[in-house]
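Counting starts at 1 for both ligands and their atoms, following the listed order.
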Amino acid sequence: MKSSLFYIIGNWKSNKTVDEAVIWFQDFAFLWKKNPPNQKQVKIILCPAFIHLTTLKSLIELNHLPISLGLQDISPYPPGAYTGEISAYMVKDLVEYALVGHSERRKYFSEKRGELTREIDQAKGAKIKSIYCIQNEDMTIPEGCDIVAYEPIWAIGTGKPDTAENADKVAQVIQQKAKNAKVVYGGSVTPDNISLYARQKHIGGVLPGGASLNPATFMDLIVNATIQT
Ligand code: PGA
């Protein structure tokens, strides 16, 4: 068994209505209570769209499930006149984590390093932990991120994940660069391959997107990870 918790960070991306999110949670809570995962082995973080945070926080508390919430993106600006932005201050009581620099944010919203560094600073100021996403080991990792996610672009949503062995080598390089950060892998993680990543020395968790959208699949991820860790 790994000495530290194996993180499973679900990223719902731009999916689900409020009703769909509630149904997801009810189904997931039912599965959890039927077969509670070993909390000494895994830590679960869910990153839904902003609109779901309040509802999911209430449901998590009501059901006493040990799940943390995260944002998919965070404003690089402080609270104030920034129309449309979600500042770290606004969500500080709702989330413990925030994804920063996901490749889809970089690709579709032109987020660049300077802005991402400011996002990390804003998150830190509100005591929110950053999960900084990089696409390869050569990318610069700003100071202050708590988790670094290695997510090769060609593996995201393609069904073609990086091999666990290569992901582990990359994770080792990242660990040398970002000494205090946990390193997780993301890109086509499924219940069938999660155990391969959970076995690796330098990989401290995974960041599944597609496989987090269905509650039964998400639970299978957790069960299969705990068998291996
Ligand atoms: P995927 O997405 O699991 O659907 O490949 C991962 C991610 O984008 O974080």
Give yes or no for whether the N/O distance cutoff of 3.5 Å, strictly under, is met between G157 and ligand 1. yes
Would you find a donor on one side and an acceptor on the other, under 3.5 Å apart, between the side chain of S195 and the backbone of N224? no
Just by modelled atom types, is the T17 backbone N or O under 3.5 Å from a matching donor or acceptor in the E20 side chain? yes
Go through ligand 1 atom by atom and flag the ones less than 4.0 Å from a non-hydrogen atom of [X].
X    : result
L207 : 6 (C), 9 (O)
P208 : 3 (O)
I156 : 2 (O), 5 (O), 8 (O)
G187 : 5 (O)
S188 : 1 (P), 3 (O), 5 (O)

Please list, one pair per line, the donor and acceptor atoms closer than 3.5 Å that link side chains of residues 167-187 to other protein atoms, with sequence neighbours excluded.
{"unit_1": "D168", "atom_1": "OD1", "unit_2": "K201", "atom_2": "N", "d": "3.4"}
{"unit_1": "D168", "atom_1": "OD1", "unit_2": "H202", "atom_2": "N", "d": "2.7"}
{"unit_1": "Q175", "atom_1": "OE1", "unit_2": "H202", "atom_2": "ND1", "d": "3.2"}
{"unit_1": "K177", "atom_1": "NZ", "unit_2": "E137", "atom_2": "O", "d": "2.6"}
{"unit_1": "K177", "atom_1": "NZ", "unit_2": "M139", "atom_2": "O", "d": "3.0"}
{"unit_1": "K179", "atom_1": "NZ", "unit_2": "Q176", "atom_2": "O", "d": "2.6"}
{"unit_1": "K182", "atom_1": "NZ", "unit_2": "L5", "atom_2": "O", "d": "2.8"}
{"unit_1": "Y185", "atom_1": "OH", "unit_2": "D162", "atom_2": "N", "d": "2.8"}
{"unit_1": "Y185", "atom_1": "OH", "unit_2": "G187", "atom_2": "O", "d": "2.7"}

Could you tell me if K16 sits above the aromatic ring of W12, with its cationic atom closer than 6.0 Å to the ring centre and no more than 45 degrees from the axis? yes
Going by atom types alone, do H102 and E111 pair a side-chain donor with an acceptor below 3.5 Å? no
Between S68 and K43: side-chain donor-acceptor atoms closer than 3.5 Å: yes
Would you call A211 a ligand 1 contact, heavy-atom distance under 4.0 Å? no
Fit a plane to each ring of Y7 and Y97, take the angle between them on a 0 to 90° scale, and name the class: parallel (under 30°), tilted (30 to 60°) or perpendicular (over 60°). perpendicular
Distance to 0.1 Å, residue and atom name: give those for the protein heavy atom nearest to [atom].
atom                   : answer
atom 4 (O) of ligand 1 : G210 N, 2.8 Å
atom 3 (O) of ligand 1 : G209 N, 2.8 Å
atom 9 (O) of ligand 1 : E151 OE2, 2.7 Å

